[in-house]
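To start, the structure itself, in structure tokens.
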Amino acid sequence: EAGIDASRIIVLEKLDITGGNGKFDMVLFNHAGSKAQELAGIEDSAEKLFEDRKAGGAWDSDARLMAEAEMTMQMDEWYRGMGIELNYVYDTRSHLAEKDAYAGEELLDGIEGRVKELGVDLRTGTRAVDFIMEDGRLAGVTAQHGGEIYDIRAKAVVIATGGFCQNPELLAKYTAEGTEKLRSSNQIGATGDMVPLFEKYGFQLGHMDKTTVFSFMISRGRELTGERVAPQSYDYVQVNVDGQRFTNETVSYGLPRALDVMAQPGGKSFMIFDQSMVDFSFRIGKHAKAGLIEKADTLEELAEKLGINAENLVQTVADYNKFANGEIKEDPFRGEKVPARPINAEGPYYGMQIESAIHMTKGGVVCDENARCLDANGAVIPGAFAAGEVTDTSANFSAAFVFGRIAGQQAAEEILGK
């Protein structure tokens with residue numbers, strides 16, 4: 001777009017594949033100004049997105065939030081120019097490629113195709129191990145591929161290396177006690193390789209203690225179930241190996257819930273539900289088809305397959321259904337304020353072992369609205385740009401693309417002297 005020879009752009013990826021979690025993410029949150037919204041009759045604007053982010057507790061500066069909102073409104077047109085189509089919106093801003101197809105896979109396939117088409121120098125299995133700093137400017141990186149180490153000098157560097165969910169030492173250093181004990185649903189490359197370099201060269205770090213802990217990851221792999229209770233459509237109970245409930249299932253996030261799960265016998269917990277959840281939830285349905293969820297005609301049979309106490313499970317579901325049916329007013333875990341839908345009295349029944357997982361670290365290098373990295377005094381570090389989970393941000397998956405584009409545009413302008 002800027003008129004730079006794409007073959008002179010070098011992309012380093014330390015893993016042997018590109019894309020990270022993006023290929024497996026179900027939705028692109030906070031996507032706005034899209035064709036799908038227009039067709040669905042949803043009116044949106046940068047101002048609405050800005051206000052929603054503020055109301056949602058975003059700690060980013062107003063300038064960054066507005067830059068994010070304004071660029072978000074441009075992303076759908078940009079994507080479609082690359083053949084990427086997010087054609088289904090299932091609430092105000094959550095987009096899928098189609099009703100039954102993830103957005104992440106569509107996005108990454110399209111972007112990877114565009115990178116190949118442009119002739120960008122993409123080097124997989126290659127990691128940045130040091131910065132080249134010259135007179136306060138980030139002038140390149142030292143790269144390592146196998147046993148080969150070499151310098152790459154550049155007029156601008158965009159850092160998009162992810163967070164540190166997969167680094168227990170950094171989690172123990174920066175985040176709440178106990179977080180380092182959790183497995184992560186994040187991609188295996190999220191080991192925070194840049195954090196020591198940021199510290200070494202005086203980059204400013206912010207909100208390093210902030211994380212996102214999800215309550216629902218399938219224990220046999222790392223797939224997120226992504227479920228919250230939606231009583232009008234489905235519900236479930238969460239039990240331990242003794243077949244007994246121990247927590248409020250409506251709480252989807254947070255370390256206390258995660259530690260509660262870990263404190264159960266054997267550190268195990270299970271999600272138990274009926275056919276309505278499989279039919280309603282795209283993700284659960286997909287996991288069921290993939291064989292990641294046990295299925296049985298009776299609760300006793302399901303308990304045997306999962307290795308949990310059958311007698312207690314039957315009684316637990318019966319007790320829960322009394323609350324869901326209104327026979328008792330208050331549930332011991334949910335109280336009386338949260339409505340519930342009963343588990344079907346007839347099978348089939350489904351269950352899977354689940355655990356809480358750290359999904360994202362939210363802290364990282366501090367950047368301005370132009371994705372430029374700042375030093376400890378708040379001054380711009382020339383040549384240094386960053387986007388995604390490596391940055392200090394309250395945003396999520398979508399903002400990695402949004403600020404990735406901003407970083408690319410700003411880096412190009414710096415290179416061209418604009």
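Start at 1 with the first residue, then count along the sequence.
Side-chain N/O atoms of Ser185 and His359 include a donor and acceptor closer than 3.5 Å. Side-chain contact check for Ser184 and Asn186: no donor-acceptor pair (N or O, by modelled atom type) lies under 3.5 Å. Looking at Thr361 and Glu389, their side chains do bring a donor and an acceptor atom within 3.5 Å of each other. Between the side chains of Ser34 and His95, at least one donor N or O sits under 3.5 Å from an acceptor N or O.
Between Leu12 and Ala143, the shortest heavy-atom contact is CD1-CB, 4.0 Å. Looking at every heavy atom in both residues, Glu180 comes nearest to Ala172 through CB-N, 4.0 Å. Annotation for Gly351 and Leu302: closest pair N-CD1, 3.7 Å, computed over non-hydrogen atoms. Annotation for Phe323 and Lys329: closest pair CE1-O, 3.6 Å, computed over non-hydrogen atoms. For Pro342 against Tyr320, the heavy-atom pair with the smallest separation is CA-CE2, 4.4 Å. Closest heavy-atom contact between Leu171 and Cys165: CD1-O, 3.4 Å.
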For residues 106-113, run the donor-acceptor check on the side chains, cut-off 3.5 Å, and write out each pair with its distance to 0.1 Å, sequence neighbours left out.
{"from": "Glu106", "atom 1": "OE2", "to": "Glu85", "atom 2": "N", "distance (Å)": "3.0"}
{"from": "Glu112", "atom 1": "OE2", "to": "Thr18", "atom 2": "OG1", "distance (Å)": "2.4"}
{"from": "Glu112", "atom 1": "OE2", "to": "Lys23", "atom 2": "NZ", "distance (Å)": "3.2"}

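To the nearest 0.5 Å, the span separating CD on Gln238 from CZ on Phe273 amounts to 12.0 Å. Rounding to the nearest 0.5 Å gives a distance of 10.5 Å between OH of Tyr88 and CD of Glu98. Atom CG of Leu65 is separated from atom OG of Ser394 by 6.0 Å, given to the nearest 0.5 angstrom. If you take CZ on Arg53 and OG1 on Thr72, they are separated by 8.5 Å, rounding to the nearest 0.5 Å. Rounded to the nearest 0.5 angstrom, Glu70 CD and Met75 CE are separated by 14.0 Å. Atom CD of Gln166 and atom CG of Asp193 lie 11.5 Å apart (nearest 0.5 Å).
Within the 3.5 Å criterion, the main-chain N or O of Thr175 finds no donor-acceptor partner in the side chain of Thr179. At least one donor-acceptor pair closer than 3.5 Å links the side chain of His145 to the backbone N or O of Gly125. A donor-acceptor pair is defined here as one N or O able to donate and one able to accept, closer than 3.5 Å; such a pair exists between the side chain of Asn167 and the backbone of Glu169. Looking at Asn240, its side chain does come within 3.5 Å of a backbone N or O of Gln244 through a donor-acceptor pair. The main-chain N or O of Gly243 is never found under 3.5 Å from a side-chain atom of Asn312 such that the two would form a donor-acceptor pair. Asn370 places no side-chain N or O within donor-acceptor distance of the main-chain N or O of Arg372, the cut-off being under 3.5 Å. With hydrogens and angles disregarded, a donor-acceptor distance shorter than 3.5 Å links the side chain of Ser269 to the backbone of Ile354. Without hydrogens or angle criteria, Lys305 side chain to Lys295 main chain gives a donor-acceptor distance under 3.5 Å. Judged by distance alone, the side chain of Gln144 and the main-chain N or O of Gly146 form a donor-acceptor pair under 3.5 Å. No donor-acceptor pair under 3.5 Å is formed between the side chain of Ser281 and the backbone N or O of Met277.
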Dump the intermediate steps for salt bridge (Lys or Arg N to Asp or Glu O under 4.0 Å) on Asp121 and Arg8, then the final yes or no.
-> CA-CA 7 Å; Asp121 184 352; Arg8 300 189 64 187; over 6 Å; no

Intermediate values then yes/no, side-chain hydrogen bond (donor to acceptor under 3.5 Å, both in side chains), Asp91 and Ser94 | CA-CA 6 Å; Asp91 60 19; Ser94 298; 3.1 Å; yes

Does the salt bridge (Lys or Arg N to Asp or Glu O under 4.0 Å) test come out yes or no for Arg341 and Asp274, once each step is laid out?
-> CA-CA 11 Å; Arg341 178 195 171 280; Asp274 61 22; 3.2 Å; yes

Run the numbers on Asp375 and Gln204 for side-chain hydrogen bond (donor to acceptor under 3.5 Å, both in side chains), then give the verdict.
-> CA-CA 5 Å; Asp375 67 17; Gln204 184 180 160; 5.6 Å; no

side-chain hydrogen bond (donor to acceptor under 3.5 Å, both in side chains) between Thr191 and Lys14, worked out | CA-CA 11 Å; Thr191 51; Lys14 78 172 186 178; 2.6 Å; yes

Can you check side-chain hydrogen bond (donor to acceptor under 3.5 Å, both in side chains) on Gln275 and Tyr350, steps first, answer last?
-> CA-CA 7 Å; Gln275 187 67 44; Tyr350 297 82; 2.6 Å; yes

Output, in order, the C-alpha distance, side-chain angles, deciding distance and verdict of side chain to side chain contact (heavy atoms under 4.5 Å, CB included) for Glu414 and Phe385.
-> CA-CA 11 Å; Glu414 183 164 319; Phe385 303 83; 3.3 Å; yes

For Arg334 and Asp235, run salt bridge (Lys or Arg N to Asp or Glu O under 4.0 Å): C-alpha distance rounded to whole Å, both residues' side-chain angles, the deciding distance at 0.1 Å, then the answer.
-> CA-CA 13 Å; Arg334 300 187 190 182; Asp235 211 340; 3.0 Å; yes

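By the 4.0 Å N-to-carboxylate-O rule, Arg64 lies too far from Asp368 to be salt-bridged with it. Salt bridge present: Asp130 and Lys200 bring a charged side-chain N and a carboxylate O closer than 4.0 Å. Between Lys286 and Asp100, no side-chain nitrogen of the basic residue sits less than 4.0 Å from a carboxylate oxygen of the acidic one, so the salt-bridge criterion is not met. A salt bridge does not link Arg123 with Glu13: none of the charged nitrogens is closer than 4.0 Å to a carboxylate oxygen. Look at Arg114 and Glu117 and you find a salt bridge, because one of the NZ, NE, NH1 or NH2 atoms lies within 4.0 Å of a carboxylate O, short of that distance. Using a 4.0 Å cut-off between charged nitrogen and carboxylate oxygen, Asp52 and Arg93 count as a salt-bridge pair.
Side-chain contact check for Thr142 versus Phe131: every heavy-atom pair is 4.5 Å or farther apart. The shortest distance between side-chain heavy atoms of Asn309 and Leu313 does not fall below 4.5 Å. Residues Met208 and Val195 meet the side-chain proximity criterion, which asks for heavy atoms closer than 4.5 Å. Two residues are said to be in side-chain contact when any heavy atoms from C-beta on lie closer than 4.5 Å; Tyr201 and Leu138 fail this criterion.
Stacking of Arg257 on the aromatic ring of Phe214 is not recorded, the 6.0 Å distance cut-off and the 45° axial limit not both being met. Figure legend: cation-pi geometry between Lys173 and Phe164 absent, as NZ or CZ is not positioned both under 6.0 Å from the six-membered ring centre and within 45° of its axis.
In the displayed structure, Leu15 atom CG is contacted under 6.0 Å by more than 12 heavy atoms of other residues, nucleotides or ligands. The 12-atom threshold is not exceeded at CD of Glu43, counting heavy atoms of other residues, nucleotides or ligands nearer than 6.0 Å.
In this structure, the ring of Phe198 has its center less than 6.0 angstrom from the ring center of Phe203.
Using the six-membered ring where Trp is involved, Phe401 and Phe397 have ring planes that are perpendicular, over 60° apart on the 30 and 60° scheme.
Checking Val366, Leu374, Val365 one by one against Asp392, the side-chain contact (heavy atoms from CB on, under 4.5 Å) holds for a single residue, Val366. Among Asp331, Asp260, Asp319, the single residue meeting the salt bridge (Lys or Arg N to Asp or Glu O under 4.0 Å) criterion with Arg245 is Asp331.
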